[in-house]
Amino acid sequence: MNASPPLRVRFAPSPTGHLHIGGARTALFNWLEARHQGGSFILRIEDTDAERSTAESIQAILESLRWLGLDWDEGPYLQTQRRAFYDEAAQRLLAAGKAYRCYCSKEELEAMREAAKARGEKPRYDGRCRARSAPVPGVPPVVRFKTEAAGDTVVHDLILGEVRFNNAELDDLVIQRSDGTPTYNFAVVVDDATMGITHVIRGNDHLNNTPRQIQLYQGLGYPVPRFAHAPLILGTDKARLSKRHGATSVLAYRDLGYFPQALVNYLARLGWSHGDQEVFSLQDLIRLFSIQDVGKTASAFNPEKLLWLNGLYLRQTSMEELAREVARRLPAHGVILNGSAAEATKLRQAAAALRERSKTLEEMTTAATIYFLDEVSYDAKAERKFLVPETVGILEEVAAHVERLDELSEATLTPIFNGICEERGVKMVAIAQPVRVALTGSTVSPGIYEVMQMLGREAVLRRLRRAAALVGGRSSVQ
RNA sequence: GUCCCCAUCGUCUAGUCCGGCCCAGGACACCGGCCUUUCACGCCGGCGACGGGGGUUCAAAUCCCCCUGGGGACGCCA
């Protein structure tokens, strides 16, 4: 029998941009803890900043969470629609003398901060309006919370342990703006309390807000939830993750051809681990994850490891699904599909041939275009090395053999290539490479028989002859 | 500047709570080799870390202190 109430956690992003890697991991940790404990995962949109919040951002966030598979049990709640809760709470604090109106101007506040800095202190509000009796005409006031001046506020953190703050460091924070909207620290507390949130799991950048939030809970007479502050994710250079670190938005990874499961797996391992295990299914994570096992150290985002993991997932994906994904992405690469049966076969062959040598769906699609486009363009280096007078004979000979074939397959092609090797006394590589370049334009491709099979007799002949003609034309000019 | 958090290979981490089993294990990346028609996959091997200094102890990556370094927070942003 467990006496504690069911766990309720929430993810509360602000809709001021895309969901990024860091936010996604916070969401994941919350979600995993909820699923592990059999609790509820609640989604709340913190849109109190009218200036920067957008409907597009909300959509992007919902889409990102859905794509990752992080389903929520309640919400999305919008803070802009919960105004009554904040107004009531602010009134209550005002009435109890725990909050007061402040008429200070921007300039005044700025001067205060400068003065504090000059004294070598943390810039903060000095509380002068606590004593101001009369309103200042024409100045709409903000409401400030009277922070406890003496003693310490202690945060009992599930990840960090006990963190102690000297109350003298805290100033009287604004809880209601002059336009009547609530500020972040206030809205979070009111929401978390009224929504019955039992565990606040968030990024370490919120640790410093926690003591003042605890005081708000106490001032409002709410029970204080449990806190867990996860270390931040940094860029490759250990600096705060930002746009200059390349792709940071979740949707960008989707578009780049990553699997949601790979991203989830990677994100889970950033700050959390289970012995030496690297690969986790969603079921594994739900079973093994515990917020208390999250480490304290900030971690650098490592795109290479994500890529490696994605390759692992890609290789486990069925050929049918890969073919579908490639077909979906091909048009963006200039390939027009006709939906024929032959095309479907080719798509499956491409998936089979490219699966072992691709790490993302985009990479795979790019590699596949060559089998669907009419023309090949040669890689300059490859052309210079392999489309030369010495290899023309090989290209022509292969073409001559292919012409007599009804069907291209490993079974029909092997004897032809072996025969040419024997008759010329050369190794397979001497034949395969020129043919490969003639057919794909590159020195890198799937097995040459696979390539020929995918391309089909006509395309193979066309490409071999075009390459041979090209070399011939070039040498006659010389 | 002030406050808060953190500190094991280049990176993610195991080990740290309950000191000896750790002259520190795994993974990514990197470098070699094998496989091989190229590339990749796979397999084998290599390189590579307890930030520094003081303690405590028979014994410290593990406990304590200082320093240094990194990060975060100091808004009518969240």
Side-chain angles (χ1 to χ4, degrees), chain A residues 12-16 46-49 51-53 79 102 104 106 109-110 113 116-125 140-144 155 157 159-161 163-166 168-171 173-185 187-188 202-211 229 231-232 234 236 238-240 266 269-279 295-309 311 315 354-359 367 382 386 417 421 427-433 435-437 440 442-449 451:
Chain A
S14 68
T16 53
E46 313 231 314
D47 56 350
T48 56
D49 184 351
E51 301 284 295
R52 300 194 299 148
S53 297
Q79 288 189 324
C102 168
C104 291
K106 271 206 156 50
L109 295 171
E110 189 51 40
R113 289 191 197 103
K117 263 186 178 167
R119 269 179 275 125
E121 290 169 13
K122 187 189 286 193
R124 61 198 209 282
Y125 181 66
V142 297
V143 176
R144 285 186 188 270
V155 179
D157 195 279
I159 293 170
L160 299 171
V163 185
R164 186 172 295 270
F165 292 85
N166 186 338
E169 289 292 330
L170 277 27
D171 63 357
L173 73 156
V174 173
I175 58 176
Q176 199 175 58
R177 301 187 183 105
S178 49
D179 66 0
T181 57
T183 57
Y184 165 74
N185 281 108
V188 197
R202 74 219 318 188
N204 194 270
D205 49 340
H206 289 287
L207 182 58
N208 289 289
N209 288 323
T210 311
H229 289 94
L232 299 180
L234 309 175
T236 332
K238 284 275 190 178
R240 197 192 178 103
Y266 177 72
R269 276 289 283 103
L270 227 43
W272 175 84
S273 63
H274 180 71
D276 287 338
Q277 192 172 341
E278 294 287 351
V279 182
K296 302 177 179 181
T297 325
S299 33
F301 182 73
N302 182 349
E304 268 102 40
K305 190 158 183 181
L306 205 211
L307 192 61
W308 165 74
L309 256 180
R315 271 171 260 134
L354 263 12
R355 182 161 71 164
E356 298 293 306
R357 54 203 102 221
S358 307
K359 295 229 164 81
F386 291 104
F417 276 71
C421 280
K427 292 211 173 266
M428 182 64 85
V429 65
I431 303 188
Q433 282 305 71
V435 172
R436 174 170 281 117
V437 175
T440 70
S442 160
T443 54
V444 175
S445 88
I448 197 65
Y449 304 142
V451 169

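The figures here come from the full heavy-atom set of this structure, side chains too, leaving out hydrogens, waters and symmetry mates. Numbers restart at 1 for each chain; the letters A, B, ... are given by sequence-line order, proteins then strands.
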Check: [Y] main-chain N/O paired with [X] side-chain donor or acceptor under 3.5 Å:
| X | Y | result |
| --- | --- | --- |
| Arg355(A) | Ser358(A) | no |
| Asn209(A) | Asn185(A) | no |
| Asp171(A) | Tyr125(A) | yes |
| Thr183(A) | Val174(A) | yes |
| Thr440(A) | Ser442(A) | yes |
| Tyr184(A) | Thr48(A) | no |
| Arg436(A) | Pro446(A) | yes |

Practice task
Would you mind checking if Arg315(A) and Glu356(A) are paired as a salt bridge, meaning a charged N to carboxylate O distance below 4.0 Å?
Solution key: no

Practice task
Identify whether the distance between the nearest side-chain nitrogen and carboxylate oxygen of Glu278(A) and Lys305(A) falls below 4.0 Å.
Solution key: yes

Under 4.0 Å, counting only non-hydrogen atoms across every strand here, what does [X] touch: a base, just sugar-phosphate, or nothing?
| X | value |
| --- | --- |
| Asn209(A) | base |
| Arg269(A) | base |
| Thr443(A) | base |
| Gly203(A) | nothing |
| Ser299(A) | sugar-phosphate |
| Val142(A) | base |
| Arg315(A) | sugar-phosphate |
| His206(A) | base |
| Glu46(A) | sugar-phosphate |
| Ile448(A) | base |
| Gly447(A) | base |
| Pro13(A) | nothing |
| Thr297(A) | sugar-phosphate |

For nucleotides [N] and [M], find the distance between their [atom1] atoms and express it as a whole number of Å.
| N | M | atom1 | result |
| --- | --- | --- | --- |
| U36(B) | A29(B) | P | 24 Å |
| A61(B) | C9(B) | P | 15 Å |
| G25(B) | C34(B) | P | 27 Å |
| G10(B) | C22(B) | C1' | 22 Å |

Exercise for the section: Would you kindly compare Thr236(A) and Cys102(A) by the position of their nearest RNA chain B nucleotide and give the one closer to the 5′ end? Expected result: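 Here Thr236(A) is the residue nearer the 5' end.
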
Exercise for the section: Specify the residue among Leu270(A) and Arg124(A) whose closest nucleotide of RNA chain B lies further upstream toward the 5′ end. Expected result: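 Taking each residue's closest nucleotide, the earlier one in sequence belongs to Leu270(A).
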
Can a side chain N or O of [X] be found less than 4.0 Å away from OP1 or OP2 on [N]?
| X | N | result |
| --- | --- | --- |
| Arg144(A) | C76(B) | yes |
| Lys238(A) | C12(B) | yes |
| Arg113(A) | G75(B) | yes |
| Ser273(A) | A14(B) | yes |
| Lys296(A) | C6(B) | yes |

Looking at [X] and [N], is any side-chain donor or acceptor paired with a base atom of the opposite kind under 3.5 Å?
| X | N | answer |
| --- | --- | --- |
| Arg357(A) | C39(B) | yes |
| Arg436(A) | U37(B) | yes |
| Glu278(A) | G26(B) | yes |
| Asp276(A) | G25(B) | yes |

What's the closest nucleotide to the side chain of [X] if the choices are [options]?
| X | options | result |
| --- | --- | --- |
| Glu356(A) | U38(B), G25(B), A40(B) | A40(B) |
| Thr48(A) | A29(B), C12(B), A78(B) | A78(B) |
| Lys122(A) | U2(B), C41(B), C28(B) | U2(B) |
| Phe165(A) | A27(B), C3(B), C76(B) | C3(B) |
| Asn302(A) | U11(B), U38(B), A14(B) | U11(B) |
| Leu160(A) | C6(B), C76(B), C28(B) | C6(B) |
| Glu169(A) | U11(B), C5(B), C3(B) | C3(B) |
| Trp308(A) | G26(B), C4(B), A29(B) | A29(B) |
| Thr183(A) | U38(B), A78(B), G25(B) | A78(B) |
| Val429(A) | U37(B), C5(B), C4(B) | U37(B) |

Let me know the distance between [atom1] of [X] and [atom2] of [N], rounded to the nearest Å.
| X | N | atom1 | atom2 | answer |
| --- | --- | --- | --- | --- |
| Ile159(A) | C6(B) | CD1 | C1' | 13 Å |
| Phe301(A) | U11(B) | CZ | P | 16 Å |
| Leu109(A) | C74(B) | CG | P | 15 Å |
| His274(A) | A27(B) | NE2 | P | 16 Å |
| Asn208(A) | C74(B) | CG | C1' | 8 Å |
| Asp171(A) | U2(B) | CG | C1' | 13 Å |
| Lys359(A) | G42(B) | NZ | C1' | 13 Å |
| Leu234(A) | C6(B) | CG | C1' | 10 Å |

Under 3.5 Å for both donor-acceptor distances, Watson-Crick or wobble: does [N] have a partner, and if so which one?
| N | result |
| --- | --- |
| A24(B) | none |
| G1(B) | C74(B) |
| C30(B) | G46(B) |
| G69(B) | C6(B) |
| U37(B) | none |

Problem - Audit row: His229(A), Asn204(A), side-chain hydrogen bond (donor to acceptor under 3.5 Å, both in side chains) steps and yes/no - result: CA-CA 5 Å; His229(A) 289 94; Asn204(A) 194 270; over 6 Å; no

